[in-house]
Visitor: 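One structure, as structure tokens, below. Some questions next.
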Amino acid sequence: ARGIWQTPWLEARPAAYIADFCVTTKLDGTVTYAITTADAADGAKICADFGCVKGCAEVKDNKAELVLQVEDPKWWTPEEPNLYEGTIALGDDVISTYFGIREIGTGKFGKNNRNYITLNGKPYYINGVLDQSFKPKVFFTLPSDEDCRDEILRLKRIGINMARIHIKAEEPLKLYYADCLGLLIMEDIPCFWANPEPDTRAQFEVEMEEQIIRDRNHPSTFYWVVFNETWGLFTKWKDEDGREQREYTKDTAEWVEKCFRRAKELDPTRLVEDNSVCNRDHTITDVNTWHFYSNGYKRVKGVVDNFCNTAYPGTHANYKEG
């Protein structure tokens, strides 16, 4: 896929402006904006107005931390996607934005003390789909605002509460509707097919950082998938008989771990998966996932039972050696 497939725009800004921000929320109503400015003088005021809560912070070295406290907070969930809309301003630079108060995590619950993904501190049953978002006439471009909205509503109508945006940086407008209408989003970082050469790795790291920074303020986004099915992680060559060989090298696995940790630095509030595996080759991950391609009840049950029986804490069964 190539060419312009998302919305480009030009934006006029004052000489001093808000360049970026990252919002984190807590269930007690604490909302923190870590703000980066451009050419703002030390002492300049950044002010937020969300109606029910307001506040200001001062800029120092083009950074500011703005902390708000929402009384009696209404949490964000797919069932009740509560959002707080308002503005953040630095002089004449005014940004219309919103936040949703929610926390993502993991924890042990129940008589058997089993691990669960949690939403707002409680186990949350995820009924999700793989969303490759292919359009018969326009490939991966969503033609209109209405199309973005309808894609979210179509999933919710059939009881889906999560979509994995697969090998794609999603159109931000569709993520906006996931926030407004209530759908959890698992976001892939688009990966590559080529050998993991140094220049390819460097470009991947740039694009991963840009995507996480762009999308980390969406309350619907709860999970990052850095790589998929070891794509681009095998070093391939042909042996003396002309047969293709491949190896997921120790050096590449260490780079995958580096990418995992960088994703955590950019966004410590969400779950991160190193590699969504079908070759049993995780390195380090928040969630021990696996893929299988089988059909028929007996065959599928056997595959699932085999995995579950080897998926205990400390297992090496679904991980790359070492």
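Positions are given from 1, in the same order as the sequence printed here.
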Visitor: Decide yes or no for T285 and N275: does some side-chain heavy atom of the first lie under 4.5 Å from some side-chain heavy atom of the second?
Guide: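 Counting from C-beta outward, T285 and N275 never come under 4.5 Å.
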
Visitor: What is the minimum heavy-atom distance between E273 and V277, and which atoms define it?
Guide: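 For E273 and V277, the tightest heavy-atom pair comes out as OE2-N, 4.2 Å.
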
Visitor: Could you report the tightest heavy-atom contact between T283 and E257, atom names first, then the distance?
Guide: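 Scanning both residues, the minimum pair turns out to be OG1-N, 4.4 Å.
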
Visitor: Would you say D93's side chain and R13's backbone share a donor-acceptor pair under 3.5 angstrom?
Guide: no

Visitor: G128 and I160: which non-hydrogen atoms are nearest, and at how many Å?
Guide: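 Looks like CA-CG2, 4.2 Å.
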
Visitor: Just so I know, are the side chains of N228 and H166 near enough to count as touching, which here means a heavy-atom distance under 4.5 Å?
Guide: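 In contact.
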
Visitor: Side chains of Q245 and D239: do they bring a donor and an acceptor to under 3.5 Å?
Guide: yes

Visitor: side-chain hydrogen bond (donor to acceptor under 3.5 Å, both in side chains) for N62 and T37? Distances and angles first, verdict last.
Guide: CA-CA 5 Å; N62 277 312; T37 64; 2.7 Å; yes

Visitor: In the hydrophobic clustering that connects Ile, Leu, Val, Met, Phe, Trp and Tyr at side-chain heavy-atom distances below 4.5 Å, which members other than V226 occupy its cluster, ordered by chain and number?
Guide: I189, F192, F204, M208, I212, I213, W224, F227, L233, F234, Y248, W255, V256, F260, L266, V272, I284

Visitor: Indicate the atoms forming the closest heavy-atom contact of K236 with N195, along with that distance.
Guide: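 For K236 and N195, the tightest heavy-atom pair comes out as N-OD1, 3.2 Å.
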
Visitor: Would you say E207 and Q211 are linked by a side-chain donor-acceptor pair, where the criterion is simply a distance under 3.5 Å?
Guide: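 Side-chain D/A pair, Q211 to E207: absent.
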
Visitor: So with a 6.0 Å cut-off around NZ of K238, is the heavy-atom count from everything else above 12?
Guide: no

Visitor: So, does T310 use its side chain to make a donor-acceptor pair with the main chain of N306 at under 3.5 Å?
Guide: yes

Visitor: Show your reasoning for whether side-chain hydrogen bond (donor to acceptor under 3.5 Å, both in side chains) applies to T87 and D49.
Guide: CA-CA 5 Å; T87 59; D49 183 352; 5.3 Å; no

Visitor: V225 versus Y223: any side-chain heavy-atom pair under 4.5 Å?
Guide: yes

Visitor: If you define the side chain from C-beta out and look only at heavy atoms, does anything of Y319 sit under 4.5 Å from N288?
Guide: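 In short, these two side chains touch, coming nearer than 4.5 Å.
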
Visitor: Indicate the atoms forming the closest heavy-atom contact of P190 with A169, along with that distance.
Guide: CG-N, 3.7 Å

Visitor: Which value, rounded to the nearest 0.5 Å, describes the distance between E247 atom CD and W237 atom CH2?
Guide: 5.0 Å

Visitor: Does any pair with a residue in residues 185-203 pass salt bridge (charged side-chain N to carboxylate O under 4.0 Å, His left out), and if so which ones, sequence neighbours excluded?
Guide: R164-D188, R201-D251

Visitor: Hey, does K26 have a side-chain heavy atom less than 4.5 Å from the side chain of E103?
Guide: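 E103 reaches K26 side chain to side chain.
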
Visitor: Between the side chain of K156 and the main-chain N/O of P78, is any donor-acceptor distance below 3.5 Å?
Guide: yes

Visitor: Give me the other members of the hydrophobic cluster that I101 sits in, counting Ile, Leu, Val, Met, Phe, Trp and Tyr linked by side-chain heavy atoms under 4.5 Å, directly or via other members.
Guide: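 I18, F21, V23, L27, V31, Y33, I35, I46, F50, V53, V59, L66, L68, V70, W75, Y84, I88, L90, I95, F99, which link up through side-chain heavy atoms under 4.5 Å apart, make up the rest of the cluster.
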
Visitor: Which residue pairs pass the salt bridge (charged side-chain N to carboxylate O under 4.0 Å, His left out) test with at least one member in residues 56-72, sequence neighbours excluded?
Guide: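 Qualifying pairs: none.
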
Visitor: Are the side chain of H282 and the backbone of T289 linked by a donor-acceptor contact shorter than 3.5 Å?
Guide: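 Confirmed, H282 side chain pairs with T289 backbone.
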
Visitor: Please check if the side chain of T315 supplies one atom and the backbone of A317 the other of a donor-acceptor pair under 3.5 Å.
Guide: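 It does hold such a pair.
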
Visitor: Are the side chains of H218 and Y98 in touch, meaning some heavy atoms are under 4.5 Å apart?
Guide: yes

Visitor: Could you grab the distance from atom CG of D215 to atom CG of L175, nearest 0.5 Å is fine?
Guide: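 Answer rounded to 0.5 Å: 5.0 Å.
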
Visitor: Under a 3.5 Å distance rule, please check whether W76 uses its side chain to pair with a backbone N or O of D179 as donor and acceptor.
Guide: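 Checking the backbone N and O of D179 against the side chain of W76, a donor-acceptor pair under 3.5 Å is found.
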
Visitor: Side chain of Q69, backbone of D28: donor and acceptor closer than 3.5 Å?
Guide: yes

Visitor: Which heavy atom of W290 sits nearest a heavy atom of V304, and at what distance?
Guide: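 Answer, listing the atom of W290 first, then V304: CH2-CA, 3.8 Å.
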
Visitor: Assess whether atom CD of E265 is packed by more than 12 heavy atoms of other residues, nucleotides or ligands within 6.0 Å.
Guide: yes

Visitor: Which residue pairs pass the disulfide (SG to SG under 2.5 Å) test with at least one member in residues 55-123, sequence neighbours excluded?
Guide: C47-C56

Visitor: Kindly compute the distance separating OG1 (T36) from OH (Y17), expressed to the nearest 0.5 Å.
Guide: 11.0 Å

Visitor: Judged by atom type as modelled, is there a donor-acceptor pair below 3.5 Å linking the side chain of T118 to the main-chain atoms of G105?
Guide: yes

Visitor: Can any side-chain N or O of T25 pair as donor or acceptor with the backbone N or O of R102 at less than 3.5 Å?
Guide: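 Present.
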
Visitor: Are the side chains of N115 and F109 in touch, meaning some heavy atoms are under 4.5 Å apart?
Guide: no

Visitor: Examine distances only and state if a side-chain atom of R262 and a backbone atom of E205 form a donor-acceptor pair shorter than 3.5 Å.
Guide: no

Visitor: Side chains of I185 and L183: does their closest heavy-atom pair fall under 4.5 Å?
Guide: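 Side chain of I185 against side chain of L183, heavy atoms only: contact under 4.5 Å found.
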
Visitor: Among pairs that include at least one residue of residues 127-145, which meet salt bridge (charged side-chain N to carboxylate O under 4.0 Å, His left out), considering only residues two or more places apart or in two chains?
Guide: D131-K174, K135-E151

Visitor: Would K258 and E254 count as a salt bridge (Lys or Arg N to Asp or Glu O under 4.0 Å) here? Give the steps.
Guide: CA-CA 6 Å; K258 174 189 170 186; E254 289 171 352; over 6 Å; no

Visitor: Hey, could you give me the OH/NZ distance between Y124 and K122, rounded to the nearest 0.5 Å?
Guide: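 The distance works out to 12.5 Å.
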
Visitor: State whether the number of non-hydrogen atoms from other residues, nucleotides or ligands found under 6.0 Å of E80 atom CD is greater than 12.
Guide: no

